[in-house]
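Step one of this worksheet: look at the structure below.
Residue numbers begin at 1 in each chain, while the letters A, B, ... track the order of the sequences.
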Amino acid sequence: MSGDLAHQPSSGSLSARARAAVAPQLAYLNGLNSEQRAAVEATEGPVLVLAGAGTGKTRVLTTRIAHLIATGKAWPSQILAVTFTNKAAREMRERIGRTIGEVAEGMQWLGTFHSIGTKILRRHAELVGLRSDFTILGTDDQLRLMKQVIEAEGIDEKRWPARQLAGLIDSWKNRGLGPDQVAAGEAGAFANGKGGRLYRAYQERLKVLNAVDFGDLLLECLGLWREHPDILEQYQERFRYMLVDEYQDTNVAQYLWLRLLAQKRKNLCCVGDDDQSIYGWRGAEVDNILRFEHDFPGATVIRLERNYRSTGHILSAASVLIAKNQGRLGKTLRTEDEPGEKVTITGAWDSEDEARLIGEEIEALHAKRHPLSEIAILVRISAQMREIEDRLVQLGVPYRVIGGPRFYERAEIRDALAYLRVVNQPADDLAFERIVNVPKRGLGDATIQVLHNHARAARVPLMDAARFLVETDELKPKPRATLRDLLISFSRWSKLSETLSQSEVAQTVLEESGYTDMWQKEKSADAAGRLENLKELVRSMEEFPDLQSFLEHVSLVMEANESDTSERVSLMTLHAAKGLEFDTVFLPGWEEGLFPNQRALDESGRAGLEEERRLAHVGLTRARRRAKIYFASNRRIHGLWNSTVPSRFIDDLPEANVEIVEAPANFSYGGYGGGSRFDRMQPFSGSSYQTPGWQRAQAHRANADDGGYSARRSGDRRGPMMIEGELVAKSTGSSGFAVGGRVLHPKFGPGTIEAVDGNKLTVEFDKAGRKMVLDSFVEALG
DNA sequence: TCACCTTGAATTTTT
DNA sequence: TTCAAGGTGA
């Protein structure tokens, strides 16, 4: 605990000074307010910390851990600290390290529910019918397996899709239910009563494959502990203190998992905020937090209500809004900060208009030196992003989309991993099947079917079936030869992995299998990005001692490198925004049907509405100084224009804290770049901005009439930066651009040419900095 | 086996 | 509208 001493709050209060004098070794407590401090010091027995948005939740959690260690109540290895995401776990580890020094290294039990579950399960795998090197299946493997199970039962997969079964099984596992515990009526709802049987068959297949899915990582622990109380006891003994982050997001399985572990010592501290529970739809039980005192009698409940993030108006608005919810424990956030700016509400004619207004507002803020990285646009559904992105592109405002598909969910990564899995573990049927014909090598459905039949009959893995079949003449000569080659390759690669490093093996496998070639030949816009991802994958492998541990890591915690701290506006869904904060937050789409979302209302009634309202609360509380709500009167839903009504959440806001903003007249002004030019091309754009239909007609016309500019514009809007690379190799010959010339780029705005290399220009953009772009994407400025 | 067409569906998403 | 998945014909 050296580093933080220098950091001590300069608080000169008497109590602080007295405290420091009495217990100088507890210096880390000094920066805490009284509730936070109480939460840190209440080490014994069950504790629920209700931590509102921006009240220093993470600080309490990390300080509490530091406190447990510093006071000698527990060794780092005796503390169990669980989070939901790897990111949260990583941040917590870093912060503990900063508070008390390297001791955080000893915290082997700080991680996500799933990573800790994996760790426990690997130790006792044989007791639940697995080997300790079991594979963790991703969503796509899961679906493939379920499809097989469904077909094996002779059920029409089109009538009863694997997706749906996956959803059901997932929800059962979320509730801690194994195949024998699902209520017959519920299980019977799928495939005319066969749901339960399919679930059981799926679990059996998993065991045969020595694999688990995400849900099993917890469920199998529960089973293990139930069957082997002695093992449960070992863990109960070990974990003297337990801490849980984001408790409102736990599902039933996680709750049971925690309860079993905490039964003995009862030193369980859960930190959460019922008002930020927004994952009910994927199994989170707000009830877990609402019932805490009931489930853990004698629990201490501590409320953190002092908010250190937002200004007064924003905080009151959010508080009044969330107070409309019935099912909550109740907290009142308060701040000592100034009232600041009121929350603004702006009505737009339609969603395009809304995007335009937001864009203008961002430009205005930017002109006043508001950093773009401190601006976020939070939407309810991803479909809203499209129009906003278009607008930002036109204005040349750099932005980044947060969320979206994870690195290891990408097809090329899963393919590459499948190759490595087979090298590592030839019996991995799901992986084998995934890549047997990727790239296309003529081993189609017919061949796979033969392999499957034989494998099933002989009860051997596909790889063994293949070995056998290439020696017979059951297969046609061509596939037979191809398959033999593939088998030879795999044995060669397996041998290589004994001598070469795992990244060298990966490199070799990807090249020799023709996988990289496949993407190199592919001409689609994202091929280059995929190759880049593959390179990244190989690069990241170097950090691991061997292939095995790399594969282990990747299935659970691999994520994309998000080290991009550049000056960009952030665009994301409200869900993705939880835990983040920005100076200025734009909240578009506050309309009935969209937000609250109709589907949530239809499916979950009042509970759904309340979760939507919590989402609104999360959105508002992301803002430090400015929250700007928008609604449009017309929005296109599935391609059809609908007129819409402002969200009821707008009416939930207190008048004293909001300001209704008159939308400026509907014509485009000022600005530079694509936006204004484009608008100027629309005749009568002021007065005729009346009907969506008219607008669509205009958009079509603009596209048709102005072959050059807007066609290029729409081509540009997909795939953010790929224009910079070599992938658009079509040379346009001599470019006619010269160093020093001024150009206009639809995304980056105006700039000055610094260098010309064939059709590639290096341009110093006025706002976006230096970029290399293709000449076909810019226009010369007079 | 691939290119093209029809069809249907279309919140939120971590591990 | 836009996407993906499945089906069809060459």
Side-chain angles (χ1 to χ4, degrees), chain A residues 82-89 111-118 136-139 141-143 147 157-158 161-164 167 170 173-174 212-219 245-246 249-251 253-254 277-284 351 378-387 402-409 411 437 439-447 478-479 553-559 572-579 589 593-604 608 611-612 614-616 618-619 635-642 692 696 699-700 714 717-718:
Chain A
V82 254
T83 63
F84 275 84
T85 63
N86 295 300
K87 190 169 160 235
T112 62
F113 275 102
H114 297 269
S115 66
I116 291 170
T118 309
I136 301 164
L137 262 38
T139 328
D141 288 323
Q142 232 179 98
L143 277 177
K147 208 171 265 183
E157 206 266 333
K158 271 162 262 158
R163 277 207 160 282
Q164 199 185 331
D170 206 46
K173 289 187 174 176
N174 283 158
V212 296
D213 61 21
F214 284 120
D216 289 334
L217 292 172
L218 296 165
L219 203 56
D245 190 16
E246 306 277 19
D249 288 339
T250 49
N251 60 34
Q254 287 156 340
S277 163
I278 55 175
Y279 286 110
W281 50 273
R282 66 176 196 212
S351 44
L378 311 181
V379 295
R380 173 66 246 263
I381 62 171
S382 335
Q384 286 172 264
M385 292 188 187
R386 179 64 165 278
E387 275 177 300
I402 303 207
R406 300 268 156 262
F407 186 68
Y408 63 86
E409 290 291 341
N437 200 31
K440 299 259 155 62
R441 39 172 84 90
L443 297 174
D445 288 348
T447 315
K478 223 184 204 164
H553 173 86
V554 86
S555 55
L556 223 46
V557 295
M558 182 91 188
E559 40 196 283
M572 69 194 95
T573 63
L574 286 159
H575 285 90
K578 196 171 77 160
L594 176 62
F595 189 37
N597 192 270
Q598 193 55 49
R599 204 140 145 189
L601 263 37
D602 292 344
E603 280 166 19
S604 321
E611 183 153 316
E612 294 287 300
R614 290 194 289 267
L615 208 41
V618 166
R635 190 173 293 273
R636 201 166 24 189
I637 299 162
H638 307 328
L640 298 170
W641 283 94
N642 291 76
R696 258 174 303 154
H700 278 288
S714 54
R717 68 170 155 208
R718 292 279 107 211

Quick one: which of [options] gets closest to the side chain of [X]?
X	options	result
Ala600(A)	dT15(B), dT12(B), dT11(B)	dT11(B)
Thr85(A)	dA10(B), dG6(C), dT14(B)	dT14(B)
Tyr279(A)	dT11(B), dT15(B), dT13(B)	dT13(B)
Thr139(A)	dT15(B), dT11(B), dT13(B)	dT15(B)

Which whole-number value in Å describes the distance from [X] [atom1] to [N] [atom2]?
X	N	atom1	atom2	answer
His575(A)	dT11(B)	NE2	C1'	8 Å
Leu640(A)	dT1(C)	CG	C1'	8 Å
Asn174(A)	dT15(B)	CG	P	14 Å
Ile637(A)	dT2(C)	CD1	C1'	15 Å
Leu143(A)	dG6(C)	CG	P	11 Å
Asp602(A)	dT12(B)	CG	P	16 Å
Arg635(A)	dT1(C)	CZ	P	17 Å
Arg282(A)	dT11(B)	CZ	P	17 Å

Classify [X] by what it touches in the nucleic acid, base, sugar-phosphate, or nothing, heavy-atom distance under 4.0 Å.
X	result
Glu246(A)	nothing
Gly442(A)	sugar-phosphate
Gln142(A)	nothing

Phosphate-side-chain proximity, Ser382(A) and dT11(B), N/O vs OP1/OP2 below 4.0 Å: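 Answer is no, no contact under 4.0 Å.
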
dT15(B) phosphate, OP1 or OP2, under 4.0 Å from Asn86(A) side-chain N/O: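 For dT15(B), OP1/OP2 do have a side-chain N/O of Asn86(A) under 4.0 Å.
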
Side-chain donor/acceptor of Arg386(A) to base of dT2(C), under 3.5 Å: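 Counting by modelled atom types and ignoring angles, no donor-acceptor contact under 3.5 Å is found here.
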
dC3(C) versus dT14(B) - spacing of their C1' atoms, nearest Å: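 Nearest-Å result for dC3(C) against dT14(B) at atom C1': 24 Å.
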
dT12(B) pyrimidine/purine six-ring stacking with Trp281(A), under 5.5 Å and 30°: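 Given the distance and angle limits, yes, they stack.
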
Under 5.5 Å and under 30°: His638(A) stacked on dA9(B):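 Aromatic stack with dA9(B) absent for His638(A).
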
Aromatic plane relationship, Trp281(A) with His575(A) - under 30° parallel, 30 to 60° tilted, over 60° perpendicular: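 Perpendicular.
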
Distance (rounded to the nearest 0.5 Å) between Thr83(A) OG1 and Asp249(A) CG: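 Between Thr83(A) OG1 and Asp249(A) CG, I get 11.0 Å after rounding to 0.5 Å.
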
Stepwise side-chain contact (heavy atoms from CB on, under 4.5 Å) test for Lys147(A) and Arg163(A): CA-CA 9 Å; Lys147(A) 208 171 265 183; Arg163(A) 277 207 160 282; over 6 Å; no

Nearest-nucleotide comparison on DNA chain B, the residue closer to the 5′ end among Ile381(A) and Thr112(A):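 Result: Ile381(A).
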
Upstream residue (5' side of DNA chain B) when Lys440(A) and Leu615(A) are each assigned their closest nucleotide: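 Its nearest nucleotide lies further toward 5', so the answer is Lys440(A).
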
Heavy-atom pair with the smallest gap, counting every atom of Asp213(A) and Lys173(A):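 Closest pair (atom of Asp213(A), atom of Lys173(A), distance): OD2-NZ, 2.7 Å.
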
Whether Glu611(A) side chain and Gly280(A) backbone form a donor-acceptor pair below 3.5 Å: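 Yes: the side chain of Glu611(A) pairs with the backbone of Gly280(A).
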
Verdict with reasoning, Ile278(A) to Leu574(A), per side-chain contact (heavy atoms from CB on, under 4.5 Å): CA-CA 9 Å; Ile278(A) 55 175; Leu574(A) 286 159; over 6 Å; no

